[in-house]
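These numbers come from a predicted model, not from an experiment.
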Amino acid sequence: MHPNPQRFLDSLHALRAIGAVGTGVVRPAYSDKDIEARKWLAGQFRDAGLAPYFDPVGNLFGLAGDGPSLLMGSHSDTQPEGGWLDGAYGVMAALEVARAAKEAGGPAVSVVSFQDEEGRYGVTTGSTVWAGGRSLEDADGLTASDGSTYAQGRARMADLVSGGFLDPARFTGFIEAHIEQGPYLDTAQEQVGVVTSIVGIRDMRITLTGQSNHAGTTPMHLRRDAFQGLADFNRKLNDRLRNVVRPETVWTIGHVSLHPNGSSIVPGRVTFSMQWRDGESDRLARMETIIRETAAEVAAERGLGLEFGRMLGLEPVTMDDRLQQALAEAAEAEAPGKWRRMPSGALHDTTNVARHMPVAMLFVPSIGGVSHNFEEDTREEDLVVGLNVLARAVAAL
């Protein structure tokens, strides 16, 4: 198998142009640009001798015949202000490996671009529904920050749907290439990361409800200030989690919505996201207990109402030994001494696919460790090394 580096880079940059904003890309799930990109990808799959297939939620497969095949890919949707490589690298690298495999007379490689990996409506929604982690009926009720539902989002692609959900049993395994989205490879001047495991994630919304009132005439000791409740919660939570977490554990309050959000009004309600990640399910559960108990304590002390939203999340996943070893041997051949085994602190579609088949992941460096940002970038030579590692591993398998 001999992948064509220039053909690969040209294809990757062509995808980048769809939704390009400066150095970044804006292609949120089910947006016009996301749908345009998926139509373009379907044409690329067809040109490569793969059969395009859209399932009911917009996951796009490029199928290598009717028999068993190795599945490779990632996602092509982006954050609201995303980088050009997050997800896209894995899809286009998979396509180039599939092209090279076709030209070499085998093996059979199928490609996928999962929908809504970035979580506009949930957590890796497209692959979660496909893998059976969430029913379609349940997913249809999920809402985006603009108030639209998942059902409304996927309805925008209804005319493209090829049929029902594909049976995962038709695939022998799954390999996902991705940018690291962290600083370790770039800092060490290494070119490849062979992923050993993916952390688990928990995500929910919490609402504290107090009383809106005049900011100039309401005494501080009589206020039921929802934002002060959030500030108190954040301070206490950081202190209490220190006793149960590891250096790799992370937790984030990433989205805050104040009501009525006026400069001269005591905030009467605050809804915020609470997300935490770790490689062990037991620790995730202990963190959940601390989060809920701390929120309840703050609400009681400050006279605030408390409501917990729906819990979303996925369990930690360990990569398949055989696939992981094939990637490791290929990494040593293509980048001798410049690769490492490493866990993934970011969530990926691979987590869901692991419910049905052996899985593995490959990382290439992110310059400065930057991702989910218009400045996201990777050196082209590293992109190509990752591509060559994939091709070598697939040939060996």
K.L.:
Is there a side-chain contact between S69 and F171 (heavy atoms, below 4.5 Å)?
P.N.:
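Yes - at least one pair of side-chain heavy atoms lies under 4.5 Å apart.
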K.L.:
In terms of side-chain geometry, is the basic nitrogen of R99 or D47 positioned less than 4.0 Å from the acidic oxygen of its partner?
P.N.:
no
K.L.:
Begin from the C-alpha positions of M92 and R7 and carry the test side chain to side chain contact (heavy atoms under 4.5 Å, CB included) through to its verdict.
P.N.:
CA-CA 10 Å; M92 303 315 294; R7 180 174 61 185; over 6 Å; no
K.L.:
Treat each ILVMFWY residue as a node, draw an edge where side-chain heavy atoms are under 4.5 Å apart, and state whether V26 and W40 are in one component.
P.N.:
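Each belongs to a different hydrophobic cluster.
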K.L.:
Closest heavy-atom contact between D382 and V364?
P.N.:
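Of all heavy-atom pairs spanning D382 and V364, the closest is O-CG1, 3.6 Å.
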K.L.:
Measure the OG1-CG distance between T172 and L70 for me, rounded to the nearest 0.5 Å.
P.N.:
5.0 Å
K.L.:
Determine, for E190 against R340, whether the closest basic-nitrogen to carboxylate-oxygen distance falls under 4.0 angstrom.
P.N.:
yes
K.L.:
Is there side-chain contact between E118 and H372, with at least one heavy-atom pair below 4.5 Å?
P.N.:
yes
K.L.:
Can you tell me if W251 and D278 form a side-chain donor-acceptor pair at under 3.5 Å?
P.N.:
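W251 vs D278: no donor-acceptor pair found between side chains.
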K.L.:
Before you tell me yes or no, could you show the steps for V389 and W339 under side chain to side chain contact (heavy atoms under 4.5 Å, CB included), namely the whole-Å CA-CA distance, both residues' side-chain angles and the distance that decides it to 0.1 Å?
P.N.:
CA-CA 11 Å; V389 171; W339 67 280; over 6 Å; no
K.L.:
Measuring only between side-chain heavy atoms, which start at C-beta, is V194 closer than 4.5 Å to M319?
P.N.:
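Of all side-chain heavy-atom pairs linking M319 with V194, none is under 4.5 Å.
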K.L.:
Once rounded to the nearest 0.5 Å, what's the spacing between atom CZ of R205 and atom OG1 of T271?
P.N.:
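One gets 8.0 Å once the value is rounded to the nearest 0.5 Å.
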K.L.:
State whether a side-chain donor-acceptor pair under 3.5 Å links Q324 with R322.
P.N.:
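Checked: Q324/R322 side chains show no N/O donor-acceptor pair below 3.5 Å.
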K.L.:
Does E297 form a salt bridge (charged side-chain N to carboxylate O under 4.0 Å, His left out) with R240? I'd like the steps, not just the answer.
P.N.:
CA-CA 13 Å; E297 178 183 312; R240 293 172 183 181; 2.8 Å; yes
K.L.:
Have a look at S127 and tell me which of N59, D116, D349 forms a side chain to side chain donor-acceptor pair (under 3.5 Å) with it.
P.N.:
D349
K.L.:
Just by distance, no angles: are the side chains of D34 and Q115 close enough, under 3.5 Å, to form a donor-acceptor pair?
P.N.:
yes
K.L.:
I'd like to know if the side chain of S281 pairs up with that of E315 as donor and acceptor (distance under 3.5 Å, no hydrogens or angles considered).
P.N.:
yes
K.L.:
With a 4.5 Å limit on heavy-atom distance, are the side chains of P107 and V394 in contact?
P.N.:
yes
K.L.:
May I ask you to check whether Y121 and Y30 show a side-chain donor-acceptor distance below 3.5 Å?
P.N.:
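Absent: no donor and acceptor within the cut-off.
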K.L.:
Do T249 and R283 make a side-chain contact, defined as non-hydrogen atoms from C-beta onward lying under 4.5 Å apart?
P.N.:
yes
K.L.:
Of all the heavy-atom pairs spanning R355 and G132, show the shortest one and how long it is.
P.N.:
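For R355 versus G132, the nearest heavy atoms are NH2-O, 3.3 Å.
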K.L.:
Would you call F114 and L60 a side-chain contact if the rule is heavy atoms closer than 4.5 Å?
P.N.:
no
K.L.:
For the ring pair F363 and Y184, is the centre-to-centre distance below 6.0 Å?
P.N.:
no
K.L.:
Output the distance between atom CG (L304) and atom CG (L208), rounded to the nearest 0.5 Å.
P.N.:
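Separation between the atoms: 5.5 Å.
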K.L.:
How about S366 and Q181: does a side-chain donor come under 3.5 Å of a side-chain acceptor?
P.N.:
no
K.L.:
Evaluate the criterion side-chain hydrogen bond (donor to acceptor under 3.5 Å, both in side chains) for residue pair Q228 and D232; output intermediate values, then yes/no.
P.N.:
CA-CA 6 Å; Q228 291 302 318; D232 196 14; over 6 Å; no
K.L.:
Using atom types as modelled and distance alone, determine if a side-chain donor or acceptor of T294 lies under 3.5 Å from a backbone N or O of I291.
P.N.:
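A pair under 3.5 Å: no.
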K.L.:
How many angstroms lie between CG in D66 and CZ in R170, if you round to the nearest 0.5 Å?
P.N.:
6.5 Å
K.L.:
Answer yes if the side chains of H255 and Q275 hold a donor-acceptor pair under 3.5 Å, and no otherwise.
P.N.:
no
K.L.:
Walk me through it: do F45 and Y53 pass the test ring-ring contact (aromatic ring centres under 6.0 Å, His included)?
P.N.:
CA-CA 10 Å; F45 290 173; Y53 188 97; over 10 Å; no
K.L.:
Verify salt bridge (charged side-chain N to carboxylate O under 4.0 Å, His left out) between K33 and E36, making sure each step is shown before the conclusion.
P.N.:
CA-CA 5 Å; K33 289 301 180 180; E36 180 184 343; 3.3 Å; yes
K.L.:
Flag yes if M287 and L312 sit in one hydrophobic cluster, no otherwise; membership is Ile, Leu, Val, Met, Phe, Trp, Tyr, and two members link when side-chain heavy atoms are under 4.5 Å apart.
P.N.:
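The answer is no; the residues belong to distinct hydrophobic clusters.
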K.L.:
Looking at the rings of F61 and W130, which for Trp means the six-membered one, are their centres under 6.0 Å apart?
P.N.:
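Here the rings of W130 and F61 have centres that are less than 6.0 Å from each other.
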K.L.:
Show your reasoning for whether side chain to side chain contact (heavy atoms under 4.5 Å, CB included) applies to T318 and T196.
P.N.:
CA-CA 6 Å; T318 300; T196 56; over 6 Å; no
K.L.:
Please determine whether salt bridge (charged side-chain N to carboxylate O under 4.0 Å, His left out) holds for the pair D146 and R120, giving the CA-CA distance in whole Å, both sets of side-chain angles, and the decisive distance to 0.1 Å.
P.N.:
CA-CA 10 Å; D146 62 2; R120 182 182 179 189; 2.9 Å; yes
K.L.:
Enter the distance from M274:CE to F272:CZ here, rounded to the nearest 0.5 Å.
P.N.:
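Interatomic distance, M274 CE to F272 CZ, rounded to 0.5 Å: 7.5 Å.
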K.L.:
Pair R235, D239 - check salt bridge (charged side-chain N to carboxylate O under 4.0 Å, His left out), show working.
P.N.:
CA-CA 7 Å; R235 178 183 60 80; D239 183 59; over 6 Å; no
K.L.:
Looking at every heavy atom in both G58 and M157, which two are closest together, and how far apart are they?
P.N.:
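So the minimum-distance heavy-atom pair works out to CA-CE, 3.9 Å.
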K.L.:
What's the spacing between I18 CD1 and I35 CD1 if we round to 0.5 Å?
P.N.:
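The CD1 atom of I35 is 12.5 Å from CD1 of I18, to the nearest 0.5 Å.
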K.L.:
Can you name the salt bridge (Lys or Arg N to Asp or Glu O under 4.0 Å) partners of E288, sequence neighbours left out?
P.N.:
R292
K.L.:
L12 vs L85, test: side chain to side chain contact (heavy atoms under 4.5 Å, CB included). Steps then yes/no.
P.N.:
CA-CA 8 Å; L12 187 57; L85 291 167; 3.7 Å; yes
K.L.:
So which atom in V111 and which in A98 form the shortest heavy-atom distance, rounded to 0.1 Å?
P.N.:
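So the two residues come closest at CG2-CB, 3.8 Å.
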K.L.:
So among E332, E334, E329, which one has a salt bridge (Lys or Arg N to Asp or Glu O under 4.0 Å) with R392?
P.N.:
E334
K.L.:
Has S110 got a side-chain atom pairing as donor or acceptor with A64's backbone, closer than 3.5 angstrom?
P.N.:
yes
K.L.:
Could you tell me whether a side-chain N or O of E376 sits under 3.5 Å from a main-chain N or O of N373, the two making a donor and an acceptor?
P.N.:
no
K.L.:
Determine, for W276 and R202, whether the Lys NZ or Arg CZ falls below 6.0 Å from the six-membered ring centre while staying within 45 degrees of the axis.
P.N.:
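So R202 doesn't make the cation-pi contact.
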K.L.:
With distance as the sole criterion, is a donor-acceptor pair present between the side chains of E96 and N4 under 3.5 Å?
P.N.:
no
K.L.:
Considering non-hydrogen atoms only, spot the tightest contact between S371 and D86 and give its length.
P.N.:
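Where S371 meets D86 most closely, the heavy atoms are OG-OD2, 4.2 Å.
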K.L.:
Will you find, in the side chains of T350 and E176, an N or O donor that is under 3.5 Å from an N or O acceptor?
P.N.:
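Per modelled atom types, T350 and E176 side chains form a pair under 3.5 Å.
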K.L.:
Of the options I201, V199, V317, which is the one that meets T351 in a side-chain contact (heavy atoms from CB on, under 4.5 Å)?
P.N.:
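Single pass found, and it is V317.
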K.L.:
Run the salt-bridge test on R154 and D55 with the 4.0 Å N-O cut-off and return the result as yes or no.
P.N.:
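No.
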K.L.:
What's the shortest heavy-atom distance between R224 and R302, and which atoms?
P.N.:
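In this case the closest contact between R224 and R302 is CG-O, 4.1 Å.
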